[in-house]
Amino acid sequence: MNSYYENKLTTNEEKALLDELLAKENLTPKDRMAIPVQEMPVQDPDARIHTMSEVALGYTKTQAQLEALRCLQCKTAPCIKGCPVNINIPAFIAKIAHDDIQGAAAIIRETNLLPAICGRVCPQEKQCQEPCTLGKSLKDVGKAVQIGRLERYVADRERAQGIIALPDIAPPTGKKVAIVGSGPAGLTVAADVRRNGHEVVVFEAFQKGGGVMVYGIPEFRLPKAIVQEEISKLEKMGVRFEYNTLIGKTRPLMALFDEDGFDAVFLGVGAGLPKFMNIPGENLVGVFSANEYLTRANLMRAWDTGRAATPLFPSKRVAVLGGGNVAMDAARMAKRLGAEEVHVVYRRTRDEMPARAEEVAHAFEEGILFDFLSNPIEILGNEAGMVTGLRLLRYSLGEPDASGRRSPVPIPGSEHDEIFDTVIVALGNESNPLLARTTPELAVDKHGHIIVDEEQRTSIEGVWAGGDIVLGAATVILAMGEGRRAAASINRFLAEH
Amino acid sequence: MNKIIAKERLSEEVYKIVVHAPWIAKERKAGQFVIVQRDIDYGERIPLTIADADAQAGTITLIFQTVGESTHRLAELEKGDSIQAVLGPLGNPTHIEQFGWVVGVGGGIGAAPLYPIAQAMKQAGNRLTIILGARTKELLIMEEEMRAVADELILVTDDGSYGTKALVTEPLKTLCERSPAPDLVVAIGPPIMMKFCAATTKPFNVPTLASLNTIMIDGTGMCGGCRVTVGGNTKFVCVDGPEFDAHQVDWDNMLKRLSTYKNLEAQHHALYHEEACKLNAAIQEAEKHAGL
Ligand SMILES: Cc1cc2nc3c(=O)[nH]c(=O)nc-3n(C[C@H](O)[C@H](O)[C@H](O)COP(=O)(O)OP(=O)(O)OC[C@H]3O[C@@H](n4cnc5c(N)ncnc54)[C@H](O)[C@@H]3O)c2cc1C
Ligand code: SF4
Ligand code: FES
């Protein structure tokens with residue numbers, strides 16, 4: 001499985017090992033391979049389930065240097081190809097080994113705008129760490145160089161030292177760009193387009209910026225202060241944010257060109273339509289989409305019961321349906337909000353779970369119970385319309401399906417009931433049709449995803465799109481990657497027009 | 001930030017505020033609503049139907065009743081203060097056309113959102129009957145405004161303190177018994193009233209619309225907290241509604257879903273009043289000491 005928690009050294013042992021390694025002239029691959037994987041310190045599980053503060057605490061300087069020395073500095077660097085924005089990974093890691101934080105940060109920032117965020121939320125074990133030579137040699141992807149943790153370390157150190165420099169901004173061009181949505185896609189485009197001297201306005205439906213990073217992903221996994229800092233940085237660069245503005249309703253999309261004088265528009269509106277299972281009982285009292293549950297807790301701060309006006313449903317036994325990041329976040333949030341027992345109900349097994357490996361490990365540590373190979377066919381309720389439980393079927397794993405995952409097959413006669421008072425449907429998101437419905441000129445496919453070309457251009461001249469609204473519910477880094485591509489295209493377009 | 005341009009207390013529990021929101025004032029149509037949040041850090045998001053708007057002045061009019069802690073806090077704001085967030089216009093506009101004879105039923109505070117619909121229906125050339133009902137005279141609002149647009153205005157109160165002593169369903173039934181029957185009924189008010197209006201018009205097959213006021217968070221289709229069952233299908237009130245065929249709505253399910261946080265809200269509300277009482281007592285105490 002994973003080896004995150006093996007090979008724990010004491011602080012003194014770590015220090016001694018590092019000194020010994022740094023004293024050597026040249027480290028051989030064998031020396032490097034012998035360094036144990038550096039575990040990242042975390043809050044104690046029993047304590048952390050009573051707080052919202054971040055679970056993972058980040059590497060110490062010694063740990064980061066040790067981890068950096070594990071890197072074999074491969075000439076082929078398969079990790080770079082595994083990274084969706086192709087960070088020069090061996091180069092930044094080499095800087096960490098010599099404690100050159102500014103140097104490491106500069107390399108990361110060549111391609112990644114949000115390293116403090118990506119270091120925390122990217123599924124590294126499926127991206128840069130998956131093809132890592134070291135992991136392959138040690139025959140365990142969990143023993144790959146811990147690239148994500150190192151990325152986070154660099155970004156955090158950089159922040160702590162207050163050395164984040166604002167990028168240079170070209171002289172004003174007189175061109176105006178509207179960005180719709182302030183998730184990772186929108187923020188990336190805002191930064192890249194602003195650097196070229198264009199005026200940038202970000203329109204956001206919610207009262208705060210950051211998209212899923214503030215309303216969905218919980219504080220205990222991604223502190224909101226980090227997202228807020230990125231937004232403040234954009235504000236300092238001269239980007240203007242217009243909150244509580246729903247394009248398509250508050251302002252029709254085309255009015256941004258016709259009446260407000262924008263020269264280009266980027267749509268980064270995210271997925272934002274919760275999937276339900278369409279089984280009986282889904283509208284009972286006590287059934288929530290993960291989006292609703294998490295938005296109440298995160299954005300509306302309902303966990304702060306003394307101060308927040310938004311109420312939370314009092315739960316004792318919670319079932320969370322799904323196996324991705326959304327499900328892990330909802331389950332761990334429910335635990336923190338005082339549920340006595342939280343079950344994740346998932347059709348397949350731990351190996352098939354799409355969630356980040358680290359989050360799954362953290363959920364296990366926090367006492368979340370996993371009902372694998374199990375899926376509800378009905379949500380049960382009483383006369384008052386309240387949830388009383390789930391009717392479930394057991395499954396076994398059959399042949400691998402198109403995605404390569406073994407597909408679950410129901411076991412006949414395995415129907416049984418379990419008692420729950422709350423059910424959180426955490427199956428992810430589909431595309432929100434609001435913008436397409438109010439803008440008939442905008443071409444979307446049968447799933448409602450906005451159709452774009454290789455430069456992220458939509459069917460409307462002057463309108464680009466990227467992120468979850470194009471890809472379907474994806475990841476922060478893929479949204480950012482699309483944003484970069486769109487921004488480059490917008491910058492070219494504005495230079496020509 | 002949206003500044004409050006004017007504020008008026010219509011009754012003990014009902015307030016009218018005029019809020020600066022130029023884009024919403026320009027875009028909104030009859031039947032649409034906004035979500036307001038007094039404080040963006042800890043405040044609750046409250047959906048309120050737009051009662052009126054002035055595109056020239058860039059203002060919208062909101063009418064609300066103080067039912068829980070959040071609406072009480074909203075009512076504390078005075079002219080010149082600002083609401084931190086107002087999002088809208090949300091939902092679909094009412095479908096307006098010349099139906100013939102339209103009956104509008106406004107229960108309590110529901111008279112406010114009914115007003116722009118009544119205006120639009122009248123402008124489209126419909127004959128218009130309006131039934132306004134309330135628990136008691138105090139709570140009956142919009143009488144003058146409605147009188148100006150309606151061809152026929154029927155007033156009822158539960159306790160008989162004003163107009164006829166009746167529930168809105170009684171005159172509604174009488175109207176349905178006329179020949180020809182109304183071509184369309186639009187009912188806006190407490191869910192229980194809309195449920196009974198639907199039950200009243202059903203035997204006469206009179207098409208009936210109800211404007212649903214569910215629990216909401218984002219108002220953009222993202223959370224699903226506003227979902228209701230209509231004709232056996234799940235619908236999101238904020239993007240698919242707020243108006244639905246009242247004969248298709250699963251009213252019992254909607255009523256139950258509305259009560260999700262009821263116990264908690266009752267506690268909050270009680271706490272709010274307790275706080276307010278304590279504060280008053282403290283002020284009186286202080287005044288006594290100061291010899292006032
Ligand atoms: C609970 C949860 C956990 C996740 N965990 C991870 C993780 O660990 N790692 C990872 O990589 N990914 C994760 N994801 C996925 C990731 O968050 C998304 O892929 C990413 O945020 C998409 O970015 P985006 O910029 O496309 O859109 P979003 O982040 O969805 O932002 C879109 C923004 O646009 C706004 N908006 C929508 N419509 C309009 C409009 N018409 N006008 C104005 N504004 C509008 C929305 O309010 C929102 O703020 C998670 C998702 C969820 C829901
Ligand atoms: S593949 Fe792994 S060991 Fe090789 S350069 Fe990349 S991070 Fe270092
Ligand atoms: S209020 Fe969230 S989907 Fe309607």
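Chain A is the first sequence line, chain B the second, and so forth, proteins listed ahead of strands; every chain is numbered from 1.
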Peer 1: Do the charged groups of B:E44 and A:R296 touch, with an N to O distance under 4.0 Å?
Peer 2: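 No.
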
Peer 1: Based on non-hydrogen pairs under 4.5 Å, which of B:R45, B:Q84, B:R38 is most in contact with chain A?
Peer 2: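 Of the candidates given, the most pairs with chain A belong to B:R45.
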
Peer 1: Could you have a look at A:M300, A:E282, A:R251 and say which one has the most heavy-atom pairs with chain B under 4.5 angstrom?
Peer 2: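 Greatest number of close heavy-atom pairs with chain B: A:R251.
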
Peer 1: Write down the atom of A:R301, the atom of B:Y42, and the distance for their closest heavy-atom approach.
Peer 2: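 Scanning both residues completely, I find the closest heavy atoms to be NH1-OH, 3.2 Å.
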
Peer 1: Going by the angle between their ring planes, with limits at 30° and 60°, are A:F313 and B:Y261 parallel, tilted or perpendicular?
Peer 2: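 Perpendicular, since the angle between the ring planes exceeds 60°.
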
Peer 1: Sort out for me which of B:G219, B:G43, B:S70 touches chain A most, counting heavy-atom pairs under 4.5 Å.
Peer 2: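 It is B:G43.
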
Peer 1: Could you check which of A:L273, A:N432, A:V425 has the highest count of heavy-atom pairs closer than 4.5 Å to chain B?
Peer 2: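 Heavy-atom pairs under 4.5 Å are most numerous for A:N432.
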
Peer 1: Could you walk me through whether B:T234 and A:N283 pass side chain to side chain donor-acceptor pair (under 3.5 Å), step by step?
Peer 2: CA-CA 8 Å; B:T234 294; A:N283 292 346; 3.1 Å; yes

Peer 1: Test salt bridge (charged side-chain N to carboxylate O under 4.0 Å, His left out) on B:K26 and A:E259; report intermediate values, then the result.
Peer 2: CA-CA 13 Å; B:K26 182 161 175 289; A:E259 294 172 36; 3.2 Å; yes

Peer 1: Counting N and O atoms only, with roles assigned by atom type, does the side chain of A:S289 sit under 3.5 Å from a partner on the main chain of B:C223, one being a donor and the other an acceptor?
Peer 2: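 Yes; at least one donor-acceptor contact below 3.5 Å.
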
Peer 1: Is it true that A:R307 and B:D41 have a side-chain N and a carboxylate O under 4.0 angstrom from each other?
Peer 2: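 Salt bridge: no.
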
Peer 1: Is the shortest distance from a Lys or Arg side-chain nitrogen in A:K249 or B:E27 to a carboxylate oxygen in the other one below 4.0 Å?
Peer 2: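 So A:K249 does not pair with B:E27 through a salt bridge.
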
